[in-house]
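Let me begin by presenting the structure, written as structure tokens, before commenting on it.
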Amino acid sequence: FVFQMGCGSSVKTNKTNLSSAPLCILNAAQKSYIKSTWPKIRNDSVGIGTQIFLRIFEVAPEVKALFPFVHKTGNDLMQDEHFKSHAGRFILAVGSAVENIDRLDAELSQLLIKLGRQHIHIRNFRPEYLNIFVECSNGIVLEILEKGGVEIDPSVRDSWKLMFAYLTKQIRIGYEQMSGQLKVKTVKSDQEVGENGHTSTSVIHT
């Protein structure tokens, strides 16, 4: 599922599956647009990262349970060092993608896949949450750019969304790789030992 975020906090669902997005999908005009608008986002990385995560928690409150500040709200949440640090790191990661936008697959893909593999250890994490990150991040970015007087040409309006989709796609790949490995291990451990003392194995195809 995907939560489609526009300006404001209205939410609707659609059937777009961003996990099926190909790897390098940005054309020259979209890359140029991202590069030219990035400074307006970079100037307040923690503030914008905070807005994105607050929007995510508004749309999908269960996502907040994945973080150590799950029980904090209001000013306590805004002042929480873990929350501010996570919000800032998220935007810094986006900045790294912008800086390497012409060589994303070469520079960032494996790092993001490794990050995705680590997500297997996050209790109650679901890969569908990545779609929520894409939609909320894109919604906040568009709001900020529009408030800043940036005219958004329809031909490049989805540029940032495609960027966020690329980043989360790599994370999802890593998560699904690790998930598949764990399923194989589970099947092996559950097999009955045959008369010859060897364990027969089978592989679950996902």
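Side chains are part of it too, since the values below use all heavy atoms of this structure and drop only hydrogens, waters and symmetry mates. Here, residue 1 is the first one in the sequence, and each next residue gets the next number.
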Exercise for review: Please check if the side chain of Thr168 supplies one atom and the backbone of Ala165 the other of a donor-acceptor pair under 3.5 Å.
Suggested key: yes
Check your understanding: Mind checking whether Leu26 and Tyr166 have side chains closer than 4.5 Å, heavy atoms only?
Key -> no
Review point. Backbone N or O of Val156 within a donor-acceptor pair of the Ser159 side chain at under 3.5 Å?
Key: yes
Point to revise | Residue pairs, two or more places apart or on separate chains, that pass ring pair (Phe, Tyr, Trp, His ring centres under 6.0 Å) and touch residues 101-124 | key: His119-Phe125
Review point. Nearest heavy-atom pair of Leu112 and Gln170: which atoms, and what distance?
Key: CB-CB, 3.4 Å
Review point. What residues, two or more places apart in sequence or in another chain, satisfy ring-ring contact (aromatic ring centres under 6.0 Å, His included) together with Phe164?
Key: Trp160
Practice item. Might you point out which heavy atoms bring Lys72 and Asp76 nearest each other, and give the distance in Å? Key: CD-O, 3.9 Å
Check your understanding: Listed by chain and number, what are the salt bridge (Lys or Arg N to Asp or Glu O under 4.0 Å) partners of Arg42, not counting sequence neighbours?
Key -> none
Point to revise | Over all atoms of both residues, closest heavy-atom pair of Ser137 and Ile52 | key: OG-CG2, 3.4 Å
Exercise for review: Decide if the gap between the ring center of Phe133 and the ring center of Phe53 is smaller than 6.0 angstrom.
Suggested key: yes
**Study point:** Joint hydrophobic cluster, Val46 plus Trp38, side-chain heavy atoms closer than 4.5 Å
**Key:** no
Point to revise | Set of side-chain contact (heavy atoms from CB on, under 4.5 Å) partners for Gln118, sequence neighbours left out | key: Lys114, Leu115
**Study point:** side-chain hydrogen bond (donor to acceptor under 3.5 Å, both in side chains) against Lys40, all qualifying residues, sequence neighbours excluded
**Key:** none
Practice item. May I ask you to test the Arg157-Tyr33 pair for a side-chain heavy-atom distance under 4.5 Å? Key: no
**Study point:** Exam field: side chain Gln30 to backbone Asn27, donor-acceptor pair closer than 3.5 Å
**Key:** yes
Check your understanding: Less than 6.0 Å separating the ring centroids of Phe67 and His86?
Key -> yes
Review point. Quick one: does Asn43's side chain have a donor or acceptor within less than 3.5 Å of a partner on Pro39's backbone?
Key: yes
**Study point:** Set of salt bridge (Lys or Arg N to Asp or Glu O under 4.0 Å) partners for Lys64, sequence neighbours left out
**Key:** none
Review point. So, does Ser36 use its side chain to make a donor-acceptor pair with the main chain of Ser32 at under 3.5 Å?
Key: yes
Point to revise | Note, Leu54 side chain near Glu58 side chain (heavy atom, < 4.5 Å) | key: no
Exercise for review: Could I get the full list of side-chain hydrogen bond (donor to acceptor under 3.5 Å, both in side chains) partners for Ser155, not counting sequence neighbours?
Suggested key: Asp153
Practice item. Taking only Lys NZ, Arg NE, NH1 and NH2, and the carboxylate oxygens of Asp or Glu, determine whether Arg172 and Glu128 approach each other closer than 4.0 Å. Key: no
Review point. Can you tell if the side chain of Leu145 reaches within under 4.5 Å of the side chain of Val141, non-hydrogen atoms only?
Key: yes
Practice item. Of all the heavy-atom pairs spanning Ile56 and Cys136, show the shortest one and how long it is. Key: CG1-CB, 3.6 Å
Point to revise | Side-chain (Asp158) to main-chain (Lys161) donor-acceptor, under 3.5 angstrom | key: no
Point to revise | Shared hydrophobic cluster, Ile132 / Val70 (ILVMFWY, side-chain heavy atoms < 4.5 Å) | key: no
Point to revise | Shortest non-hydrogen separation from Leu167 to Ala97 and the atoms involved | key: CD2-CB, 3.8 Å
Review point. Does some side-chain heavy atom of Thr37 sit less than 4.5 Å from a side-chain heavy atom of Val150?
Key: yes
Exercise for review: Using the test side-chain contact (heavy atoms from CB on, under 4.5 Å), find all partners of Gln79 that sit at least two apart in sequence or belong to another chain.
Suggested key: Asn75, Lys84
Review point. Is it true that the side chains of Asn124 and Tyr129 contain a donor and an acceptor less than 3.5 Å apart?
Key: no
Review point. With a 4.5 Å limit on heavy-atom distance, are the side chains of Glu135 and Asn131 in contact?
Key: no
Revision key, fill the gap. Taken to the nearest 0.5 Å, the spacing of Leu66 CG from Arg126 CZ works out to 10.0 Å
Review point. Who are the side-chain contact (heavy atoms from CB on, under 4.5 Å) partners of Glu107, not counting sequence neighbours?
Key: Asn100, Arg103
Study note, to complete from the structure: Of all heavy-atom pairs linking Gly49 and Ala87, the shortest is C-CB, 3.5 Å
Point to revise | By side-chain contact (heavy atoms from CB on, under 4.5 Å) - contacts of Leu92 (at least two apart) | key: none
Exercise for review: Give me the ring orientation class for Phe57 and Phe83: parallel if the planes are under 30° apart, tilted from 30 to 60°, perpendicular past 60°.
Suggested key: tilted
Review point. Can you name the salt bridge (Lys or Arg N to Asp or Glu O under 4.0 Å) partners of Glu151, sequence neighbours left out?
Key: none
**Study point:** Qualifying residues under salt bridge (Lys or Arg N to Asp or Glu O under 4.0 Å), relative to Asp102, sequence neighbours excluded
**Key:** Lys31, Lys35
